[in-house]
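The block underneath contains the structure these notes are about, expressed in structure tokens.
Remember, it's 1-based here, ligands and their atoms both numbered in the order they're listed. Nothing here was measured: the structure is a model prediction, and the numbers come from that model.
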Amino acid sequence: MNAEPSVCIVGSMNMDLTVTTDKVPQQGETVMGNEFFANPGGKGANQATAAARMGANVHFIGAVGDDVFGQTLLANMKNEQIRTEGIDTIAETSTGTATIILSDQDNRIIVAPGANNLVTPELVKRHRDLIAGSDIVLLQLEVPMETIVAVVEAAAEIGVPVILNPAPYQKLPESVLKGCAWLTPNELEAAAFAEDPLYETIREKLIITRGASGASFTENGRERHVAGYDMSVMDTTGAGDTFNGALAAELARGTAPDEAIRTANAAAALSVTKVGAQGGMPEKQAVEAFLQ
Ligand code: ADP
């Protein structure tokens with residue numbers, strides 16, 4: 001067992017800007033809202049936070065703009081003990097944001113990727129040593145696909161396994177499907193993979209998250225289910241990100257897949273009992289106590 005598991009994440013960092021309102025404005029209308037929150041988010045940063053809280057040594061490769069949101073996100077990562085040498089601050093670019101209008105009727109979200117679109121293959125190449133120094137690489141699909149392709153290729157050359165969380169779903173190039181060790185779709189994303197001509201090739205790489213009921217994977221041609229936990233739910237935002245970060249930390253530690261999934265289910269289950277994506281992510285000790 002590896003006492004100092006290290007995870008390298010190449011991904012997105014956003015400032016989530018949430019306003020709550022009783023009334024969603026119509027075209028041309030201005031309404032008075034209720035509360036406003038600014039919280040660190042982005043699937044990359046969320047999963048990095050989950051992995052770091054599970055005790056992994058986490059390096060992040062990404063980008064922010066030279067604005068106050070970028071400074072805040074960098075400070076937040078440092079506070080989570082995430083290493084930020086792989087993060088570029090890019091002039092004349094905005095930090096990624098998600099603007100969220102939250103009402104009783106629905107949620108409306110606009111993502112402005114900003115600097116996340118400038119997480120380029122060239123940036124990854126400059127930080128290749130961070131990939132080489134890690135036990136596992138964790139990716140999501142909020143940075144350009146050409147960067148995903150480049151990371152999978154570099155990790156294969158170096159010999160570091162890659163976990164890819166295919167969210168938000170996009171069709172993946174063959175080199176990515178073949179090159180990564182694990183794919184972690186939710187049930188909707190898994191349904192899209194089932195249509196892929198390469199489905200049989202990737203079947204044993206899939207770890208499918210199934211909400212409250214847990215997750216499943218296929219071993220020697222047989223599907224195995226790893227049960228989830230019955231919790232009193234406060235907020236499921238970030239459950240998938242918690243699962244992925246915890247899974248990466250455990251696999252980097254050398255834990256067998258079924259046991260790593262059990263721990264990831266527990267971490268994600270604890271996260272749904274609290275509000276917020278990063279806000280609800282548990283520390284390793286809490287997950288261990290829960291699993292006792
Ligand atoms: P996503 O949020 O990405 O759509 P899922 O809904 O499958 O993904 O959730 C990811 C993981 O979070 C699940 O595999 C499970 O471990 C945990 N989880 C999600 N919802 C709940 C819930 N209501 N109760 C307990 N665990 C949950």
Which of the numbered atoms in ligand 1 are below 4.0 angstrom from a heavy atom of Y229? 24 (N), 25 (C)
Quick one: does G214 get within less than 4.0 Å of ligand 1, heavy atoms only?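 Heavy atoms of G214 do come under 4.0 Å of ligand 1.
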Are a donor atom and an acceptor atom from the side chains of [X] and [Y] found within less than 3.5 Å of each other?
{"X": "D67", "Y": "T95", "value": "yes"}
{"X": "T237", "Y": "D235", "value": "yes"}
{"X": "N244", "Y": "T184", "value": "yes"}
{"X": "N165", "Y": "Q140", "value": "no"}

When rounded to the nearest 0.5 angstrom, what distance separates CD in Q278 from CD in E80? 6.5 Å
Quick one: pull up OG in S12 and CZ in F60 and give me the separation to the nearest 0.5 Å.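 Rounded to the nearest 0.5 Å, the OG-CZ separation comes out at 6.0 Å.
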What is the closest protein heavy atom to [atom], and at what distance does it sit?
{"atom": "atom 2 (O) of ligand 1", "value": "G240 N, 3.6 Å"}
{"atom": "atom 1 (P) of ligand 1", "value": "N186 ND2, 4.0 Å"}
{"atom": "atom 23 (N) of ligand 1", "value": "V233 CG2, 3.5 Å"}
{"atom": "atom 26 (N) of ligand 1", "value": "A269 CA, 3.7 Å"}
{"atom": "atom 12 (O) of ligand 1", "value": "A268 CB, 3.2 Å"}
{"atom": "atom 15 (C) of ligand 1", "value": "G211 O, 3.1 Å"}

Please check if atom CG in D106 has more than 12 non-hydrogen atoms from other residues, nucleotides or ligands closer than 6.0 Å. yes
N57, V58, V160 screened by side chain to side chain contact (heavy atoms under 4.5 Å, CB included) with S134, the one that passes: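 Option passing the side chain to side chain contact (heavy atoms under 4.5 Å, CB included) with S134: V160.
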When you look for heavy atoms under 4.0 Å from ligand 1, do you find them on the side chain of T209, its backbone, both, or neither? both
Within reach of ligand 1, part of R210 (heavy-atom separation under 4.0 Å):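 R210 to ligand 1: backbone contact only, side chain stays beyond 4.0 Å.
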Close N or O approach (N265, ligand 1; < 3.5 Å): yes
